Amino acid sequence: MVVTRRLPAPVEEQLAREFDAQLNPADRPLSAEELTDALRGADALLPTVTDRLTAQVLAAEPLRARIIANYGVGFNHIDTTSAKARGLVVTNTPDVLTDDTADDALMLMLMVARRGGEGERHVRAGAWTGWRPTHMLGTRVSGKTLGLIGLGRIGRAVAHRARHGCGMRVLFHDPYPPPAAVVAELGAEPRGSVDDVLREADFVSLHSPATPETRHLIDARRLALMKRGAFLINNARGDIVDEAALVAALKQGTIAGAGLDVFEREPAVTPDLLTMENVVLLPHLGSATHETRTAMGLRALDNLRAFFTGAAPRDRVA
Ligand code: DGY
């Protein structure tokens, strides 16, 4: 098996115990050619979001691999249509990262509204002259209206935190909403369209998968529907937002700020964003805790173990 990136030690140890695993101690991303070679030479590939498994890579001949056990819940970096056509099983790692990713969305929301990043830079720069009533005032989060685009596992965990932790009103739009009882228990209010959520929310947080339908879902037109004082939060996938349109909206004051954990061309960040104080920029940290990154690895391992013992892997997505 080829493991494309360095993984937490307990996961690598377990993989090495159970499989003939080629690890990547240097943690250097594999090239397209190396990924193709891995599919030719190994029975399984354990990739991450930084590996682009395109139709071309998946056209590897002769193909030895039978399963791609992705380390991560999002799998938009894998051309699943091509994988299916090649008879490859694809799995992901849902559930185990839900809480940490929801915490990360809350962190972005609080940081951007309460000027956390800016304040930290201020103190580190030695610019702080002391407490004063008018210093670095931000926007209250508690009691405000949160609009969720997507009410899947992570969206629901954000809704729960926002409602019970910050007393927020929660609106959402999801073309495939959870059962009415789940929505009722969350106390979340459905809206018929993304646009309706954007018009009402003080904070808009994105929790949709990255698909052709959600690419640039948040574009110039939709940013213009948001309240002038509203904040956009994205820790789902970068290409759900048209980053150029977001930069323009921030420059024009169309919205108040943004908290971003993901970017359209990761790890590149549109340079203008780096200069904006009302933007919080994090390096794709959604699931980045010791606990979760280990759990993700063990979940990928469960999928591999099931597959190679002839059982159905629990997280099969293709
Ligand atoms: C996920 O699990 O989707 C993370 O964003 C890393 O891939």
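First listed ligand is number 1; within each ligand, the first listed atom is number 1. Quantities reported herein were computed from a predicted structural model and do not represent experimental measurements.
Leu223 and Ile233 fall into different hydrophobic clusters, where Ile, Leu, Val, Met, Phe, Trp and Tyr residues are linked whenever their side-chain heavy atoms come under 4.5 Å apart, directly or through other members. Grouping the Ile, Leu, Val, Met, Phe, Trp and Tyr side chains by contacts below 4.5 angstrom, directly or via other members, places Met226 with Val197.
The existence of a salt bridge linking Arg305 and Asp302 is confirmed by a sub-4.0 Å separation between a basic side-chain nitrogen and an acidic carboxylate oxygen.
In terms of the ring-ring contact (aromatic ring centres under 6.0 Å, His included) criterion, Phe75 has no residue partners (sequence neighbours excluded). Scanning for ring-ring contact (aromatic ring centres under 6.0 Å, His included) contacts around His164 gives His160, with sequence neighbours left out.
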What donor-acceptor contacts under 3.5 angstrom involve side-chain atoms of residues 134-153, with partners at least two apart or in another chain?
residue	atom	partner	partner atom	Å
His135	NE2	His122	NE2	3.3
Lys144	NZ	Arg140	O	2.8

Contacts table for ligand 1: protein N or O within a distance under 3.5 Å of ligand N or O, distances only.
residue	atom	partner	partner atom	Å
ligand 1	2 (O)	Val73	N	2.7
ligand 1	3 (O)	Val73	N	3.4
ligand 1	3 (O)	Gly74	N	2.8
ligand 1	3 (O)	Arg237	NH2	2.8
ligand 1	5 (O)	Arg237	NH1	2.8
ligand 1	5 (O)	Arg237	NH2	3.4
ligand 1	5 (O)	His284	NE2	2.6
ligand 1	7 (O)	Arg237	NH2	3.4

